[in-house]
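Only a predicted model underlies this, so the values are computations on that prediction, with no experimental measurement involved. As a basis for the values below, the full set of heavy atoms in this structure was taken, side chains included, without hydrogen atoms, waters or symmetry mates.
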Amino acid sequence: MKASLFTLFLLLAFLFSSQAQSKIDVSGTWIVDVQTDMGSGTPTFVLKQDGEKITGTYSGTLGEAPVTGTLKGNVLHLEFSIEGNRITYDGTASATELSGKVNLVDMAMGSFKGNRK
């Protein structure tokens, strides 16, 4: 009986934990440290989230551009274009941190880590 209650407790804890992860909201201003094989930078993203859809702006060394993307659970995808060149950020998000891989037009690859401003 105790084992059954403990198992039920663990299952409920897991379900609540999964729901909490899906409610991450990345709306706000983020300062991102980017490291690539062609250099580094610290762009600013201002993001707005509506469900899984993300919109916003990028401002950094490459210029300024509108951003689109998604957040599914904690899996983040952001993209924008500068002068017709597509830049993507793919990784994970929490309420306070973004991190993952960046692809600059298939010419430079690297990593990023960001924190809320």
Least distance between heavy atoms, [X] atom then [Y] atom:
X: Val26; Y: Gln49; answer: N-OE1, 2.7 Å
X: Phe112; Y: Val102; answer: CD2-N, 4.2 Å
X: Met107; Y: Met38; answer: O-SD, 3.5 Å
X: Asp90; Y: His77; answer: OD1-ND1, 2.5 Å
X: Val34; Y: Thr36; answer: CG1-CG2, 3.8 Å
X: Gly73; Y: Ile24; answer: O-CD1, 4.0 Å

Checklist entry - Any side-chain heavy atom of Thr92 sitting closer than 4.5 Å to one from Ser99? => result yes

Checklist entry - Tell me, do Ile82 and Ile87 make a side-chain contact under 4.5 Å, heavy atoms counted? => result yes

Gap separating the [atom1] atom of [X] from the [atom2] atom of [Y], nearest 0.5 angstrom:
X: Asp37; Y: Ser111; atom1: CG; atom2: OG; result: 10.5 Å
X: Asn85; Y: Leu104; atom1: CG; atom2: CG; result: 9.5 Å
X: Leu78; Y: Thr68; atom1: CG; atom2: OG1; result: 8.0 Å
X: Ile31; Y: Thr29; atom1: CD1; atom2: OG1; result: 7.0 Å
X: Leu76; Y: Glu97; atom1: CG; atom2: CD; result: 12.0 Å
X: Met109; Y: Gln35; atom1: CE; atom2: CD; result: 15.5 Å

Next on the checklist: With side-chain contact (heavy atoms from CB on, under 4.5 Å) as the criterion, how do Thr44 and Trp30 come out once you've worked through the C-alpha distance, each side chain's angles and the decisive distance to 0.1 Å?
Outcome noted: CA-CA 6 Å; Thr44 299; Trp30 296 84; over 6 Å; no

Checklist entry - Where the side chain of Arg86 meets the backbone of Asp106, is there a donor-acceptor pair that is under 3.5 Å apart? => result no

Item to check | Pair Thr88-Glu79, side-chain contact (heavy atoms from CB on, under 4.5 Å): steps then yes or no | outcome: CA-CA 4 Å; Thr88 60; Glu79 65 180 71; 3.9 Å; yes

Next on the checklist: Once you measure the plane-to-plane angle for Tyr89 and Phe45, does it fall in the parallel (<30°), tilted (30-60°) or perpendicular (>60°) bin?
Outcome noted: perpendicular

Item to check | Atom CG of Asp50: over 12 foreign heavy atoms under 6.0 Å | outcome: no

